[in-house]
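The structure appears right after this line, and notes come after that.
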Number of protein chains: 2
Amino acid sequence: MAATASDGTVAKALEVLDQVAAYGRPVRFSDLLDQSPYPKATLYRLLQTLVGQGMLSFDPDRSCYALGLRLVRLAHAAWQQSSLAPIARPYLDRLSAEVGETVHLAQLDHAQVLYVDKRNARDPIPMYSQAGKVGPAYCTGVGKAMLAYLPDNTLPAILAQQSWHAFTPKTLSSPEAMRAELDAIRVRGFAFDDEEHEPGIICVALPILSSRGGVLGALSVTSTTARTSLQELQKLVPTIQQIAQTIAQETETWRFPEDGATPMRKRA
Amino acid sequence: MAATASDGTVAKALEVLDQVAAYGRPVRFSDLLDQSPYPKATLYRLLQTLVGQGMLSFDPDRSCYALGLRLVRLAHAAWQQSSLAPIARPYLDRLSAEVGETVHLAQLDHAQVLYVDKRNARDPIPMYSQAGKVGPAYCTGVGKAMLAYLPDNTLPAILAQQSWHAFTPKTLSSPEAMRAELDAIRVRGFAFDDEEHEPGIICVALPILSSRGGVLGALSVTSTTARTSLQELQKLVPTIQQIAQTIAQETETWRFPEDGATPMRKRA
DNA sequence: AAACAAGTTCTAAATAATGAAACCTGCAAG
DNA sequence: CTTGCAGGTTTCATTATTTAGAACTTGTTT
């Protein structure tokens, strides 16, 4: 059940892939070996396979492994066929143009926030988030907006997985504090991030909910305390709300092209 | 040696992953089964493993498989640790701001062009390319710019893998025509795309070359025949050239942080 | 109600993964 | 030089996983 279960060879290979990813830079064989539970020969063969498959690349000059381009190809396909991101894209463009501030689209992945798309502010501000990056759920606007609408039976498990690290003095760093906050969010209908993750960074966030109340993702508009305030940002809620609803509707409506039509005979 | 070699279990699993990716939309089990060389039970288990690993997601309502979010996470890491893309990023921003037209950064992946980053024109034009997408090498500006500087011994293999499909009347669709074109590009120092891939779309492209002449990637500025001409675009060459060189230098200079320093003891 | 199609589980047999140990390097110290 | 050594690669008998035929469920069509 755990991710590190001895599921099979594929799991081991993917574990190695994650390890390389975690390094964040090209790695030599022995670096990996030190951290690996597998013996030399096994690790070696796993790496060979991954390189052979284009999931890793190997630089013979520096004898270093790095993540391969096949991943980028696959991820592009993943993004495209996810039901949310491609549909939301034009609306993000519109929202971005309208408000001129940083706009995020995020989904929940395991217990974390995955930023699936982003538009920079007209006058960009440096910050943590990036499309494809994951962030904490308990101290980001999008994260809290999604947590607030999770079904009661899944919420505890998710909360249990948060690190509750206090990034800033304002970070809510306990499940209890969070439950109160989530109640407030449900009453309000949207979430704030009041410098809970990065000092000076604030945002308003709204969940994207399916008609049956399921959490599809979240939208946020982010700025800085230097430029604006939560009061100001709150004025954008109706606009964001409107867009979140449109995206939700379209996501539910849009069945993939052809679906009942002649299912296209295979093999002539 | 071929990609479909019976390399092992990992290869099979990845093949299935590609298959799902190729569908471009959620797939049902039997759709995959029809196209799969594996028997029911085998395919079934492979899918289970991939879902368990988060490489695929499974929607029980529609009983459909789709690519999973773990891929997006991995790909982000891949992009970040590739030596080219993160370094080039600020320069793309600058180039984009300066010229106001669509800007591409591409690398060669197998025999194809992989767009690793992109900036839209101030007034965006609809076109094929997208970050993460692959495209043909023989009929795009970035593709030809890179082909022109490939070492003689690898070029033939790459050319042999092109489809030579004539997307437009202007597409160069034979290795012979291409060799002449590549000679011209080397003399000129940059490549054009004169509506060879999409009608009405033109561009100038320059390779990003390492100090030893290796092809690291390519940069292009793209527009439409309605808006400008190749003559006009050509005026941008010095600007692009300059940026391509800067990127190349920085890529070569930038060794990852710490490298000779105390290699950070593992395991206390 | 019967037939069917899609999806799931079981199993012995086949196959692929494993890892200890031996083997290459090239380099640095004696 | 030549010895020792660390990083990397290969071998091979052993072991564990994967395989795929067939039987079984379940839900849907005629």
With a 4.5 Å limit on heavy-atom distance, are the side chains of [X] and [Y] in contact?
{"X": "Glu250(B)", "Y": "Gln245(B)", "result": "no"}
{"X": "Leu216(A)", "Y": "Gln107(A)", "result": "no"}
{"X": "Lys40(A)", "Y": "Phe29(A)", "result": "yes"}

Q | Test salt bridge (charged side-chain N to carboxylate O under 4.0 Å, His left out) applied to Arg73(B) and Asp18(A), step by step | A | CA-CA 10 Å; Arg73(B) 285 209 313 273; Asp18(A) 273 344; 5.2 Å; no
Q | Residue pairs fulfilling side-chain hydrogen bond (donor to acceptor under 3.5 Å, both in side chains) with at least one residue in residues 146-165 of chain B, sequence neighbours excluded | A | Tyr138(B)-Ser163(B)
Q. Which letters describe nucleotides 4-9 of chain C, given B = protein heavy atom under 4.0 Å from base, S = only from sugar-phosphate, - = neither?
A. ---BBB
To the nearest Å, give me how far apart [atom1] ([X]) and [atom2] ([N]) are.
{"X": "Lys12(A)", "N": "dA16(C)", "atom1": "NZ", "atom2": "P", "result": "16 Å"}
{"X": "Leu33(A)", "N": "dA20(C)", "atom1": "CG", "atom2": "C1'", "result": "14 Å"}
{"X": "Leu46(B)", "N": "dA16(C)", "atom1": "CG", "atom2": "P", "result": "13 Å"}
{"X": "Leu14(A)", "N": "dA17(C)", "atom1": "CG", "atom2": "P", "result": "14 Å"}
{"X": "Tyr38(B)", "N": "dT15(C)", "atom1": "OH", "atom2": "P", "result": "15 Å"}

Q: Check whether any side-chain nitrogen or oxygen of Thr9(A) sits under 4.0 Å from OP1 or OP2 of dA16(C), and answer yes or no.
A: no
**Q.** Phosphate OP1/OP2 of dT18(D) contacted by Arg45(B) side-chain N/O (<4.0 Å)
**A.** no
Q.
Show the nearest heavy-atom pair for residues Ala13(B) and Leu50(B), with the distance to one decimal.
A.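 In this case the closest contact between Ala13(B) and Leu50(B) is O-CD1, 3.5 Å.
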